[in-house]
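As the structure lists them, so they are numbered: ligands from 1, and atoms in each ligand from 1.
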Amino acid sequence: MRTDLRSFEKSNCMQNQDQESRNVQRSAKKDLFEAPDYFLVDELLSEEHKLIRDTVRTWVKKELSPIIEDFAQRAEFPKHLIPELARLGAFGPTIPPQYGGAGLDYISYGLIMQEIERGDSGIRSTASVQGSLVMYPIYAYGSEDQKLNYLPKLASGELLGCFGLTESDHGSDPASMITNIKDMGSHYLLNGSKMWISNSPHADMAIVWAKDEQGTVKGLIVEKGMEGFSAPEIHGKWSLRASATGELVFHNVKVPKENLLPNISGIKGPLGCLNQARYGIAWGALGAAMDCYDTALRYSKERIQFGKPIAGFQLQQKKLAEMITEITKAQLLVWRLGELKNKGLASPAQISMAKRNSVETAIHVAREARQILGGMGITGEYPIMRHMMNLESVVTYEGTHDIHLLITGMDITGLNAFQ
Ligand SMILES: Cc1cc2nc3c(=O)[nH]c(=O)nc-3n(C[C@H](O)[C@H](O)[C@H](O)COP(=O)(O)OP(=O)(O)OC[C@H]3O[C@@H](n4cnc5c(N)ncnc54)[C@H](O)[C@@H]3O)c2cc1C
């Protein structure tokens, strides 16, 4: 594990300079976020963790919060943030420095995801896909040439990637996919399509999971510009509006043999990547929950009805007290999960439980917070409705709420209730 703290400090300075020349609409509202820490979880973090967390928090306040509502309202991906996310170390935080990663531990990775999702789940999704679903499979399953060729460019944001597993008829059951490759001797011929792919309309490359002639799932690096490959955008989403989602369509795409990930076969390949990403979501969703709680707490102390702040009414206190209780429980769970992950002891079932719990907590907190704000809660003046809509994707992707429950059920009973 290694932390290049200087790069974090340098990044702040560069961001300020870049900001001068940027021409995006910024909100006049100030991001007043104060992180809840009811059980002094900060004491469980190292100085390095806190520095990383605070650096990303500051960036979110200065660069993401002022623009995100506008981009989400317009359903536009703020692509200009990619180099900044890269400078923050958000792409592949745990990938070793020799491949361009930040070489951080898993608690640092979790904290980065928490802070980015405190800003917006769509931007966290971009970082999660790039780090956990594109860089991780190349790092874990790729050849040395593939690692040296792609990872530094992905870490620096020079390349943006996406991850193609889901198909229109094969979502929770990806092993039944029909996208396929045929060995043509000099290359593979790729046919099929993928659906609901984050980043795909803007991606320079895709990690694509397809079955070979024996029906074994294989991973391939497919690059933009290959003949027969297109990535049309899916429009009309009410969730993750600041994140671009699309399809991947393959019509007789000739993929060079050296683009196959050589060190993995079978559905365990994509599932291994999803484990990495789900771990990040377990932390990330809590960021959204914290933002909703903090917004509702502040609003309830300022909003006067019947001659006193609504925070003074028992019904509102019940909501706030339950929110902070659930957030605190989830904070402790993900911190412990991070400790286990650092030791290589976190099981996929533990990650499933944490992802499911954090997202459920966040959705519940967002809905309660929305009520505390009354009519203002549905507007873009506050981040709550955006978080709430975003979380409707987060609860579905990377394994639905039901699927994660079934994983826990199978883990504790030894019985498979999927089929
Ligand atoms: C915004 C967004 C971004 C996404 N990004 C990506 C991406 O980058 N890459 C990618 O590959 N995929 C991505 N996905 C796809 C996502 O992972 C799938 O939507 C998810 O796996 C669920 O598949 P599905 O939508 O087909 O739902 P289905 O699998 O059809 O499920 C529908 C319902 O049935 C339930 N269900 C299914 N099977 C069972 C069972 N055995 N027992 C009980 N209930 C069951 C589910 O829980 C769910 O409630 C994204 C999705 C969204 C919405």
Provide the closest heavy-atom pair for Pro66 versus Val60 in the form atom of the first, atom of the second, distance.
CD-O, 4.1 Å
Ignoring hydrogens and angles, tell me if any N or O in the side chain of Gln146 forms a donor-acceptor pair with the backbone of Glu258 under 3.5 Å.
yes
Which ligand 1 atoms, with their elements, are less than 4.0 angstrom from a heavy-atom of Leu165?
11 (O)
Against Asp120, only a single residue in Arg241, His387, Arg386, Glu69 fulfils side-chain contact (heavy atoms from CB on, under 4.5 Å); can you say which?
Arg386
With heavy atoms of Glu398 as the reference, note each atom of ligand 1 found under 4.0 Å away.
17 (O)
Result of checking Lys62, Arg57, Arg118 against Asp31 for salt bridge (charged side-chain N to carboxylate O under 4.0 Å, His left out):
Arg118
Taking the six-membered ring for Trp, is the centroid-to-centroid distance between Tyr150 and Tyr99 below 6.0 Å?
no
To the closest 0.5 Å, what do you measure between NZ (Lys341) and OG (Ser347)?
10.5 Å
Under a 4.0 Å N-O cut-off, is there an ion pair linking Glu117 with Arg124?
yes
When you measure from atom 8 (O) of ligand 1 to each heavy atom in Ser243, Ser198, Ala417, which option holds the nearest one?
Ser198
Does the N or O separation between Phe163 and ligand 1 drop below 3.5 Å for any pair?
yes
Can you list the ligand 1 atoms lying under 4.0 Å from a non-hydrogen atom of Tyr397?
2 (C), 3 (C), 4 (C), 16 (C), 17 (O), 50 (C), 51 (C)
Considering all protein heavy atoms, does one lie under 4.0 Å from atom 12 (N) of ligand 1?
yes
Would one find an N or O of Lys237, backbone or side chain, under 3.5 Å from an N or O of ligand 1?
no
For Thr245, is at least one N or O under 3.5 Å away from an N or O on ligand 1?
no
Can you confirm, on distance only, whether ligand 1 has an N/O atom lying under 3.5 Å from any N/O atom belonging to Thr166?
yes
Starting from atom 40 (C) of ligand 1, which protein heavy atom do you reach first, and at what distance in Å?
Leu406 CD1, 4.0 Å
Looking at atom 49 (O) of ligand 1, what's its closest protein heavy atom, distance included?
Asp402 OD2, 3.2 Å
For the ring pair Tyr382 and Tyr299, is the centre-to-centre distance below 6.0 Å?
yes
Quick check on side-chain contact (heavy atoms from CB on, under 4.5 Å): which of Asn390, Ile281, Val359 does Val395 satisfy it with?
Val359
Is there any N or O on His170 that sits under 3.5 Å from an N or O of ligand 1?
no
Please determine if Phe418 has a nitrogen or oxygen closer than 3.5 Å to a nitrogen or oxygen of ligand 1.
yes
Leu240 heavy atoms, cut-off 4.0 Å: which ligand 1 atoms fall inside?
1 (C)
For ligand 1, which atoms have a heavy atom of Thr400 less than 4.0 angstrom away?
22 (C), 46 (C), 47 (O)
Report yes if some N/O of Ser393 lies less than 3.5 Å from some N/O of ligand 1; otherwise report no.
no
Considering only heavy atoms, does Ser172 approach ligand 1 within less than 4.0 Å through its side chain, its backbone, both, or neither?
both
Do protein heavy atoms approach atom 30 (O) of ligand 1 to less than 4.0 Å?
no
Out of all atoms in ligand 1, which are within 4.0 Å of some heavy atom of Thr396? Include the element for each.
19 (O), 20 (C)
Ligand 1 to Gly399 polar contact by distance, N or O atoms, under 3.5 Å
no
Output for pair (Tyr106 OH, Thr94 OG1), nearest 0.5 Å, gives 4.0 Å
Checking the side chain of Ser156 only, and the main-chain atoms of Lys153 only, is there a donor and an acceptor separated by less than 3.5 Å?
yes
His364 and Thr361 side chains, donor-acceptor separation under 3.5 Å:
no
Residue portion contacting ligand 1 (non-hydrogen atoms closer than 4.0 Å) for Asn199
neither
Once you restrict to heavy atoms under 4.0 Å, what part of Ile197 touches ligand 1? Side chain, backbone, both or neither.
both
Is there a side-chain contact between Met376 and Glu381, using heavy atoms and a 4.5 Å cut-off?
yes
Is any heavy atom of the protein nearer than 4.0 Å to atom 22 (C) of ligand 1?
yes
